[in-house]
Q: 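Okay, here's the structure, questions in a sec.
Given the structure is predicted, the values throughout are model-derived calculations rather than measurements.
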Amino acid sequence: MIKIPYGMSNFRAMREEGYLYVDKTMYIEKIENLNSKYLFFIRPRRFGKSLFLSTLENYYDINNEKDFEKLFGDLYIGKKPTKLKNSYMILKLNFSGLDTFNRDRLEISFKQNLIDSITSFLNDYQNIFKDIEGIKENIKEKPDIKSIVNQLINEVKKVGKKIYLIIDEYDHFANDIIAMGDNEFYREIVRASGFVRDFYETLKIGTESVIDRIFITEISPIMLDDLTSGFNIALNVTMDLSLNEMLGFTEEEVEKVLEEVGIEEKEELIDNLRELYDGYKFNKNAKRRVYNPDMVLYFLAQYKNTGGYPEYLVDDNVKTDYGRLNRLTMNEENRALLERIIKEEGIVAEIVTKFSFDRMYDEEYFISLLFYMGLLTIERQEKTRLFLKIPNYVIKTIMWEYIETNLKKEYKINLDLNELRKTIEEMAYEGRIKPYIEYISRNVLKVLSNRDIINFDEKYIKVILITYLVNSKAYRPISERETEGGYIDIYLERDIRMPDVKYEWLIELKYIKKSEKDKVDKIKEEGIKQLKRYIESRGLKDRKDVKQALVIFIGKDEYQVIEI
């Protein structure tokens with residue numbers, strides 16, 4: 001049985017050890033035919049970037065010529081190889097895990113990382129170089145980063161070869177510094193005299209001789225813009241239409257994966273995977289959306305191991321990655337903007353393809369950063385701009401958990417989780433919703449300060465009600481579920497991991513100010529009519545396990561619940 005390669009990014013190991021490999025090698029041909037040899041490509045974390053780089057490395061490495069058929073023979077590029085296959089020395093750099101405590105320690109760490117990578121490079125091609133130990137010593141003795149790179153360029157020039165330079169996590173250390181909010185530290189390393197600028201300027205000069213191709217990946221374009229003339233040769237192909245599906249799985253690829261790993265319950269599983277992990281689109285004209293591949297493989301690995309759905313729908317490693325969200329919203333403007341996006345489930349904006357650190361907290365740049373991180377994606381053209389939406393249920397849960405964390409932090413809201421869980425269980429197994437509404441009203445809504453009453457509306461309350469349901473495992477809350485009768489405010493669908501949940505819920509939510517209390521009867525009448533339209537919809541009609549409730553909030557400390 002073919003093995004599921006969750007967490008793997010080594011192309012050779014996957015091919016030699018019987019792991020599943022989704023063939024993306026047709027994109028090798030596509031990127032060779034682009035208008036630049038120096039490419040910059042952004043995708044969210046854990047989206048298959050490192051595996052694609054490993055694929056490029058194995059395809060172009062002169063050392064792998066004898067293994068070409070074994071590694072690529074049955075793949076697209078094995079049947080249609082380009083002229084450049086196995087024609088380069090591969091220099092791999094990865095700038096994650098550097099010491100960002102201060103500028104000096106970062107420079108030392110950066111330099112050592114570079115020396116280690118070049119040493120590995122020299123070892124890989126020791127049959128080509130003469131006096132390899134002498135070259136290594138010479139490089140170690142160089143006083144600065146610029147001279148280290150120049151030494152390597154000169155050595156490769158002597159042997160008449162060309163380099164394909166692959167840089168993964170090119171600005172990982174810069175993102176750490178940005179998250180710390182240390183503007184001056186960041187500027188020191190990328191401005192004219194900074195060592196990072198020196199490094200990229202030297203690479204640029206190297207392209208005139210031995211560095212023939214470059215492929216750079218990360219999760220944001222910030223540092224690329226700040227380097228300006230230091231490295232102005234890279235073509236940003238992040239939103240290139242032809243590369244929309246280069247990383248991530250299309251639905252057809254997910255179906256094929258299920259077949260290859262021997263999963264038969266395909267239809268139901270695809271429906272769940274689509275809602276959980278699909279939705280990404282990186283060009284407004286792209287015809288197909290893609291799934292987050294890492295999340296799909298995580299789900300399937302858990303499913304195969306246990307024979308059922310995983311207890312957690314997202315790997316803890318992914319949640320850690322998105323922990324950056326809290327650091328990026330340390331300022332009031334970004335926090336308010338993110339809360340608005342969560343409330344509206346998207347935003348109309350334009351994606352900025354490059355921006356500097358100085359502008360990162362401006363509204364349009366912050367929204368673009370959320371897009372690059374995979375927290376927003378393209379939904380549709382909206383006049384001259386784009387409507388960006390939250391891609392899928394898993395990212396929504398990350399957003400809702402962000403709201404809960406902020407409420408806890410800002411208003412000291414620490415709920416008794418045992419009591420909260422009891423109210424949710426009453427909804428799920430006894431068919432009573434009022435205890436949950438009462439608990440949230442008393443312990444959350446009433447705690448919010450009076451200044452927040454200005455922002456109170458149905459959407460704000462809806463986000464709070466959903467937020468505290470997410471980790472219950474009883475329900476998968478769906479906001480604005482579409483039916484023939486209109487859009488349901490909140491549909492509580494039983495969680496795939498809890499098939500014994502007895503009742504699902506269809507909730508219509510209303511909010512009025514205290515001064516409008518005389519309108520309650522009319523609103524009640526309208527709300528009941530809406531519920532009746534929804535329950536008559538296809539898929540809901542005649543279902544005995546779906547209960548209906550109209551919840552009317554009057555101000556922030558009064559409510560009425562009408563169950564039907």
Q: Taking the six-membered ring for Trp, are the ring centroids of Y534 and Y487 within less than 6.0 Å of each other?
A: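 Centroid distance Y534-Y487: not below 6.0 Å, so no.
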Q: Between K541 and E536, does any side-chain N to carboxylate O distance fall below 4.0 Å?
A: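 Between E536 and K541 there is a salt bridge, with a charged N closer than 4.0 Å to a carboxylate O.
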Q: I'd like to know whether R45 forms a salt bridge (charged side-chain N to carboxylate O under 4.0 Å, His left out) with E169, so could you lay out the CA-CA distance, the side-chain angles of the two residues, the decisive distance to 0.1 Å, and finally the verdict.
A: CA-CA 10 Å; R45 289 204 179 281; E169 308 258 18; 3.3 Å; yes
Q: Is E311 salt-bridged to R497, going by a charged N under 4.0 Å from an acidic O?
A: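 Result for this pair is no, no salt bridge flagged.
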Q: Which atom names give the shortest non-hydrogen contact between P293 and G248, and what distance separates them?
A: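 The answer is CD-CA, 3.6 Å.
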Q: Show your reasoning for whether salt bridge (charged side-chain N to carboxylate O under 4.0 Å, His left out) applies to E17 and K3.
A: CA-CA 9 Å; E17 296 170 24; K3 293 182 278 189; 5.2 Å; no
Q: Quick one: does N292's side chain have a donor or acceptor within less than 3.5 Å of a partner on Y277's backbone?
A: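 A pair under 3.5 Å: no.
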Q: If the threshold is 4.0 Å, N to carboxylate O, is there a salt bridge linking E332 and R335?
A: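 Here E332 pairs with R335 in a salt bridge, since their nearest N and O are under 4.0 Å apart.
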Q: Less than 4.5 Å apart, side chain to side chain, heavy atoms only: is that true for P5 and L297?
A: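 P5 reaches L297 side chain to side chain.
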Q: Is any NZ, NE, NH1 or NH2 atom of the basic residue among E251 and R274 found under 4.0 Å from an Asp or Glu carboxylate oxygen of the other?
A: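 Salt bridge: yes.
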Q: From T483 OG1 over to L540 CG, what is the distance, rounded to the nearest 0.5 angstrom?
A: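 T483 atom OG1 to L540 atom CG measures 7.0 Å (nearest 0.5 Å).
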Q: Return yes if some donor-acceptor pair links the side-chain N/O of T250 with the main-chain N/O of E253 below 3.5 Å, else return no.
A: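 A pair under 3.5 Å: yes.
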Q: Can you find a heavy atom in the side chain of T329 that is under 4.5 Å from one in the side chain of Y402?
A: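 They are in contact (side-chain heavy atoms under 4.5 Å apart), so the answer is yes.
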Q: Answer yes if the ring centres of F47 and Y280 are under 6.0 angstrom apart, and no otherwise.
A: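 Yes, ring centres under 6.0 Å apart.
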Q: For the pair D240 and K30, find out whether any cationic side-chain nitrogen is under 4.0 Å from an anionic carboxylate oxygen.
A: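 Looking at K30 together with D240, the answer is no, because their closest N to O distance does not fall below 4.0 Å.
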Q: Whether E245 and R288 form a salt bridge (side-chain N of Lys/Arg under 4.0 Å from carboxylate O of Asp/Glu) is what I want to check.
A: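 A salt bridge links R288 with E245.
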Q: Less than 4.0 angstrom from a charged side-chain N to a carboxylate O is my criterion; do K49 and E218 meet it?
A: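 A salt bridge is absent here (no side-chain N lies under 4.0 Å from a carboxylate O).
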Q: State, with a plain yes or no, whether a side-chain heavy atom of L56 is found less than 4.5 Å away from one of I31.
A: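 Yes, at least one pair of side-chain atoms sits under 4.5 Å.
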Q: Using the six-membered ring wherever Trp is involved, compare the ring planes of F72 and F11 and label them parallel, tilted or perpendicular (cut-offs 30° and 60°).
A: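 The arrangement is parallel - the two ring planes meet at less than 30°.
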Q: Answer yes or no: is there a side-chain heavy-atom contact under 4.5 Å between T217 and R43?
A: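 No, their side chains stay 4.5 Å or more apart.
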Q: Is it true that E484 and R538 have a side-chain N and a carboxylate O under 4.0 angstrom from each other?
A: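 Judged by the 4.0 Å cut-off on N to carboxylate O distance, E484 and R538 do form a salt bridge.
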Q: State, with a plain yes or no, whether a side-chain heavy atom of Y372 is found less than 4.5 Å away from one of I219.
A: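 SC-SC contact between Y372 and I219 ruled out.
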Q: Is the shortest side-chain N to carboxylate O distance from E363 to R340 below 4.0 Å?
A: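 Here E363 pairs with R340 in a salt bridge, since their nearest N and O are under 4.0 Å apart.
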Q: Can you tell me which residue among I351, L388, L369, L386 is in a side chain to side chain contact (heavy atoms under 4.5 Å, CB included) with L376?
A: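 That would be L388; it is the only one of I351, L388, L369, L386 passing the side chain to side chain contact (heavy atoms under 4.5 Å, CB included) with L376.
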Q: Can you find a pair of side-chain heavy atoms, one from D500 and one from Y429, that are under 4.5 Å apart?
A: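 Answer yes - side chains close enough.
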Q: I'd like to know if E345 and K396 make a salt bridge, using a cut-off of under 4.0 Å between side-chain N and carboxylate O.
A: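 Here E345 pairs with K396 in a salt bridge, since their nearest N and O are under 4.0 Å apart.
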Q: Could you go through the salt bridge (charged side-chain N to carboxylate O under 4.0 Å, His left out) check for E382 and R385 one step at a time?
A: CA-CA 5 Å; E382 187 106 338; R385 295 180 292 167; over 6 Å; no
Q: Measuring from E426:CD to Y436:OH, what's the distance to the nearest 0.5 Å?
A: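 The distance works out to 13.5 Å.
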Q: Please determine whether a side-chain nitrogen of the Lys or Arg among D74 and R15 lies less than 4.0 Å from a carboxylate oxygen of the Asp or Glu.
A: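 The answer is yes: the pair qualifies as a salt bridge.
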Q: How many angstroms lie between atom CD of E430 and atom OG1 of T423, to the nearest 0.5 angstrom?
A: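 Reported value, rounded in 0.5 Å steps: 12.5 Å.
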Q: Using the salt bridge (charged side-chain N to carboxylate O under 4.0 Å, His left out) rule, take E525 and K529 through it: C-alpha gap first, then chi angles, then the decisive distance, then the call.
A: CA-CA 6 Å; E525 188 182 328; K529 281 181 183 174; 3.8 Å; yes
Q: Kindly indicate whether a cation-pi arrangement holds for K473 with Y312, taking the cut-offs as under 6.0 Å to the six-membered ring centre and within 45° of the axis.
A: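 Yes, K473 sits over the ring of Y312.
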Q: Looking at E16 and R12, is there a salt bridge between them, counting it only when a charged N and a carboxylate O are closer than 4.0 Å?
A: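 Answer for the salt bridge query: yes.
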Q: Is there a side-chain contact (heavy atoms from CB on, under 4.5 Å) between L465 and I507? Walk through the geometry before answering.
A: CA-CA 11 Å; L465 290 175; I507 302 167; 5.8 Å; no
Q: Quick one: does M399's side chain get under 4.5 Å of L338's, heavy atoms only?
A: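 They are in side-chain contact.
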Q: Indicate yes or no: does E379 engage R289 in a salt bridge with an N to O separation below 4.0 Å.
A: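 Counted as a salt bridge, because a side-chain N and a carboxylate O are separated by less than 4.0 Å.
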Q: Nearest 0.5 angstrom please: F282 CZ to I378 CD1, how far?
A: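 It is 8.5 Å, given to the nearest 0.5 Å.
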Q: Can you spot which of N272, T397, D495 makes a side chain to side chain donor-acceptor pair (under 3.5 Å) with R476?
A: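 When side chain to side chain donor-acceptor pair (under 3.5 Å) is applied between R476 and each of N272, T397, D495, only N272 qualifies.
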